[in-house]
Amino acid sequence: MSLEAMYQQVIMDHAREGHGRGLVEIDLPHRGESHQVNTTCGDEVTLRVGVEGDTLARIAWEGQGCSISQASISVLAELLEGESLDTADETFEAFRALMQAKGEHLDEEREDLLGDATAFVGVGKYPARIKCALLGWMALQDALIQARGASSAAVEGGQA
Amino acid sequence: MSLEAMYQQVIMDHAREGHGRGLVEIDLPHRGESHQVNTTCGDEVTLRVGVEGDTLARIAWEGQGCSISQASISVLAELLEGESLDTADETFEAFRALMQAKGEHLDEEREDLLGDATAFVGVGKYPARIKCALLGWMALQDALIQARGASSAAVEGGQA
Amino acid sequence: MLADLHGDFPLLARTVRNGRSLVYLDSGATAQKPLAVLEAEDRFYREHNGAVARGAHILAEEATEAFEDARADVAELIGASTDEVVWTSGATAAINLVANGMLQASLGAGGAEAERFRLGPGDRIVVTELEHHANLIPWQQLAARTGAELAWVPVDDAGTLRYEAIESVITENTRVVAFSHASNVTGAVTDVESFVHRAREVGALTVLDGCQSVPHLPVNVAELGVDLMAFSGHKMLGPTGIGALWGRKDLLDALPPSQFGGSAIKVVTMETTTWLDAPQRFEPGTQPVAQAVGMGAAARYLMDLGMENVARHEARIAQILREGASEMPGVRLLGTVGDPGAIDVLGLAAVVVDGVHAHDVGQVLDDRGITVRVGHHCAQPLHRRLGVTGSTRASAHVYTTEDDAHAFIEALAGVREFFGVAV
Amino acid sequence: MLADLHGDFPLLARTVRNGRSLVYLDSGATAQKPLAVLEAEDRFYREHNGAVARGAHILAEEATEAFEDARADVAELIGASTDEVVWTSGATAAINLVANGMLQASLGAGGAEAERFRLGPGDRIVVTELEHHANLIPWQQLAARTGAELAWVPVDDAGTLRYEAIESVITENTRVVAFSHASNVTGAVTDVESFVHRAREVGALTVLDGCQSVPHLPVNVAELGVDLMAFSGHKMLGPTGIGALWGRKDLLDALPPSQFGGSAIKVVTMETTTWLDAPQRFEPGTQPVAQAVGMGAAARYLMDLGMENVARHEARIAQILREGASEMPGVRLLGTVGDPGAIDVLGLAAVVVDGVHAHDVGQVLDDRGITVRVGHHCAQPLHRRLGVTGSTRASAHVYTTEDDAHAFIEALAGVREFFGVAV
Ligand SMILES: Cc1ncc(COP(=O)(O)O)c(C=O)c1O
Ligand SMILES: Cc1ncc(COP(=O)(O)O)c(C=O)c1O
């Protein structure tokens, strides 16, 4: 595994671009917000979601961290905004599986689901960096739990 | 070093006889009392001394413990009652040296001073038992400090 | 019986005092270590040593993995989840972690979640009269600092817990009940259910001292139903310098830490700190990583033997030791002989020889190459209750053979004669 | 410079990531272990393992002797008396021992002798802004529990302690001043005398965090004039799971214990306990015996090298690391470069690379076989003060060569290019 295989161009690009960056107010009745900290390095992300019916309609975030964490949030924002909640859940599960795969690729079906996010395959080789790649995804999951909950109030929550 | 070399007959006899046993009141102006505990086994001794001029006139004690500790108190009581304070100090130093000698004998001069107490030579081979053999001697030293002090009040003190 | 395991334990091959072969019967104090443990620790230092949970480089990764795998092994041994096992420096430290956490809570730390750990005047802490000092003094001092009251379940003249007193001693205002799973003096295995049942009725936390059970008996915390349990590595064939606290996750996440430092924290400013969840919140500073790895290897070694087999093996040793001692004239066995069928007593025997001090008994045995423990075995109140200051204890482990046990009985039989005490 | 010591350290011979040879530059987090240490520990387990200070048999005797000899070796390293050295599970535990002892005293423990340790509203505790969490949080929490106030000596924009603030921060009502002998981030060696002088004026206790000094510099507690000092084994080439607290004997004998258990006591009843004098009063339970023996061997290893030689060696490494980093475009060195003549800075360099996160810097270095630490190094307040969340730290020890230091500087120079950050 070379360094270049971990830091694929897709990752470098996303780290720079930061899709969905900017913590705008989300004006939807079902919304959630989560603040996550990677306690090994102090990196943080605040991520907001808005849900319309079965659709993950909006994702907005602000954070700072390493290229892996920033790129992975950017990828998930680009990938999941506008998708169904079921797709979001499945993609999350696929991404988690990718992180556990120790650098091996997944089956085609899940890789299709992951799109650009398959570029993170190399991270699975570095246990200490998996937390970085998952930071945004943990925030997403946490925020979605709130958005789906009866109350639509944004709650501060969780940790990486 | 055989067991018999450690538990010499002199020691066995003293352990049974217990010279000076019985915590009588000592009616002398210069007196001292010390209570010592061997914290590894909970053995205890209370020892009183009375000093007249330069003479260690009286020794009385009560205690319970192993044969080594009991015999060594008995020996010191027999050996030092009626002796000069200087002799008591020298004998104490010689006994300490014997305990540090790892089972070797001392020079003739000090062995003469020690008399029956030379029988404890084997204890020096067993670091854990040195405390037993010294219990009464520590009490003696402590009690003498008080007896020599300005005040003649008996003070509770110290630990092994 | 287990096969003879002496080949696994290098120290057991050594000779002592004039070339006699060693009969090691002091496992209740500390156990010898199998090669599997020594090699696991050594390999860690030679190949993977690095800071755990702090670094991102390859050694840090490998060290963290070894550390967490060991936690999983220890958790498996006691039927727990991995994140319910906190590494400590020993069982004593584990019990103090709980007691000092409750002290912190009582002084206001930990917010609303820590409410259940707060003590004050009017509250009661319950222990038993046979506790090891490690499971007595922390509670005694916690009581003194908070104004709570310390009460205890007494023992009878034989040193057996008076179970019938549980109901009256564990009162409605009891907040915590700390008791041992097996006594290091009488060897009696506690009927845990009697304590847990009553503690639940009154809503008290249960803290089990598993020091003498985890190394010798099948222990499953879920089945026992206790809330927290402490045990140490060195008594279960693992390294010195390591132990563990097991606790229900919800309790551990709410108990305030009482030792503070790096790696246990989320955010630190000069004024305030927020903690990670358990187990990390209780693991500040550089961890005993090599020792954890060694304790994990010890857990695996025991699981490979099978704890049922270990218990049966030691029950047989117990029978030889305890029957032999109880039948000997002029010798008093502390506790009861135990029922040969049941596993109700550990493989140990603490005895008092009439007219011979424990130190002298031990000296005679030591001269024969038999290493036993003499003194109060850190249970002064129990010894005092039984009317003695000390005793001589032979205690077994997986490597103890029937011959070892017979050697003890034989040597013990000669003690009174040696000291010229009438037989 | 010291001779190349790689042969003494088995781990340094291993290869990492695609067969590259290891360049270990994370000694500030934890050091590698020489054979002398590994063998001392192993020999202890194979030949002398037994319970310390509790038994009377031959193994107990040998183990106790090894344990106490090790204490004497560690005492010698820091110029202390043997009975002033308390074994702990690490430096973090040592600092907590002091803080928690003061908490116990503040709650009434320890009688009249403990008066000097009692804190309450109106009292002040002083630390510095560059402390490691291990020497910050215990004091912060002690302040919170007792109502005392926490104040700190600040650092300037370069991370240097503002010595001119000492007089105003250490006020008349200051009871304890806790500060580190050398920073694990800036590497700066503290002018201890400035703190001690002022602390004495106001009658405050001084607690020195010697974690980063004892392994790297000649340290003599008598000359430093502090009251207590904590340090850990694993950073001074010793095992994990062990550390020590040094303290003036009169203070240690008066400080109430805060961890309770066996072997630390004189007399225990169900209601009360009396303690032994130091160091035993602070060493309840089965001790980290093998680890103490290993730490003793590490102390001997360092003394054989000579701490003056060690310091000079590392000063040379410091120069390469710090000058190299400070001259590199786009790289910020935390702290000052240090004076090439004086030993005023440790052999470490924590750097921030413009536009590249520390985790990413570390990843590039790791790929080259260079293991460094990334993050806040348990000093969040200092990093926050310097306007960064984390940094990348290379840190040396006796086995670090000039080549190791050059390799770091060379790899660091390639980082910005790799991430496409304009150079
Ligand atoms: C300056 C300083 N203080 C305290 C500590 C804590 O030491 P330990 O982790 O060995 O308990 C460290 C190391 O992490 C340190 O560098
Ligand atoms: C029943 C019991 N509890 C607690 C302890 C203390 O364990 P450690 O010394 O490993 O901390 C022991 C052993 O000494 C014990 O036998």
Side-chain angles (χ1 to χ4, degrees), chain C residues 10-11 14 16-17 26 29-30 32-33 38 42 45-47 49-51 54-59 89-90 92-93 96 107 132-134 137-138 140-141 145 152 232 234 239-242 259-262 265 268-270 273 284-286 288-291 359 362 366 371 373-374 378 380-381, chain D residues 10-11 14 16-17 26 29-30 32-33 38 42 45-47 49-51 54-59 89-90 92-93 96 107 132-134 137-138 140-141 145 152 232 234 239-242 259-262 265 268-270 273 284-286 288-291 359 362 366 371 373-374 378 380-381:
Chain C
L11 187 137
R14 72 163 273 186
V16 292
R17 308 277 187 223
D26 198 15
T30 198
Q32 298 305 335
K33 324 300 177 200
L38 300 183
D42 199 52
Y45 281 130
R46 283 169 192 259
E47 296 177 17
N49 179 54
R54 294 182 171 194
H57 58 69
I58 183 162
L59 293 173
S89 63
T92 299
N96 279 282
L107 296 173
H132 187 281
H133 295 161
I137 313 179
Q140 179 191 85
Q141 297 299 308
R145 296 291 91 74
W152 53 91
S232 46
H234 69 100
T240 58
I242 182 89
Q259 297 264 320
F260 311 106
I265 55 86
V268 178
T269 67
M270 292 306 287
T273 300
T286 304
V289 192
Q291 292 74 41
H359 256 170
D366 183 48
T371 56
R373 173 104 183 262
V374 296
C378 299
Q380 283 186 0
Chain D
L11 188 137
R14 73 163 272 186
V16 292
R17 310 273 188 228
D26 197 15
T30 199
Q32 298 306 334
K33 323 300 176 201
L38 301 183
D42 199 53
Y45 282 131
R46 283 169 191 258
E47 297 176 17
N49 179 53
R54 293 182 171 193
H57 58 68
I58 183 161
L59 293 173
S89 63
T92 298
N96 278 281
L107 296 172
H132 187 281
H133 294 162
I137 314 180
Q140 180 192 84
Q141 297 299 309
R145 298 289 91 75
W152 53 91
S232 45
H234 69 101
T240 57
I242 183 92
Q259 298 263 321
F260 311 107
I265 54 85
V268 177
T269 66
M270 292 305 288
T273 301
T286 304
V289 191
Q291 292 74 40
H359 256 172
D366 183 48
T371 57
R373 173 103 184 263
V374 296
C378 299
Q380 283 185 359

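If you're wondering where the values come from, they're calculated on a predicted model, not measured in any experiment. Each chain gets a letter, A, B and so on, in the order its sequence line appears, and its residues count up from 1.
The greatest number of non-hydrogen atom pairs below 4.5 Å with chain D, out of C:Pro138, C:Gly362, C:Gly50, is found for C:Pro138. With respect to chain C, the highest number of heavy-atom pairs below 4.5 Å among D:Gln32, D:Glu47, D:Met270 belongs to D:Met270. Between chain D and the residues C:Ile265, C:Ile58, C:Thr371, the most heavy-atom pairs under 4.5 angstrom are made by C:Ile58.
Side-chain contact between D:Leu107 and C:Leu107 is present, with at least one heavy-atom pair separated by less than 4.5 Å. Between C:Thr286 and D:Ser232, the closest side-chain pair of non-hydrogen atoms is not below 4.5 Å. Counting heavy atoms from C-beta outward, D:Leu11 and C:Leu59 have side chains that approach closer than 4.5 Å.
For a residue to count as touching a neighbouring chain, one of its non-hydrogen atoms must lie under 4.5 Å from one of that chain's; by this rule D:Asp42 touches chain C with the side chain only. Residue D:Ile242: no heavy atom, backbone or side chain, is found under 4.5 Å from chain C. If you measure heavy-atom distances from C:Arg17 to chain D, the contacts under 4.5 Å come from both the backbone and the side chain.
Distance check: C:Asp366 CG to D:His57 NE2 gives 8.0 Å after rounding to the nearest 0.5 Å.
C:Gln380 and D:Thr269 form no side-chain donor-acceptor contact under 3.5 Å, judged by distance and modelled atom types alone. In this structure, a donor-acceptor pair under 3.5 Å is absent between the side chains of D:Thr92 and C:Gln259. Remark: the D:Thr273 side chain and the C:Gln140 side chain contain an N/O donor-acceptor pair separated by less than 3.5 Å.
Using a distance-only test at 3.5 Å, with no hydrogens or angles considered, no donor-acceptor pair links the side chain of C:Tyr45 to the main chain of D:Pro239. Although no hydrogens or angles enter the test, the distance criterion places a donor-acceptor pair under 3.5 Å between the side chain of C:Gln291 and the main chain of D:Thr240.
Between D:Pro10 and C:Arg46 the shortest heavy-atom distance is CB-CG, 3.9 Å. Looking at every heavy atom in both residues, C:Gly262 comes nearest to D:Cys378 through CA-SG, 3.7 Å. Taking every heavy atom of both residues into account, C:Ala51 and D:Ala29 meet most closely at CB-CB, 3.8 Å. Heavy atoms only, all atoms of each residue included: C:Phe260 and D:Gln141 are closest at CE1-CB, 3.7 Å.
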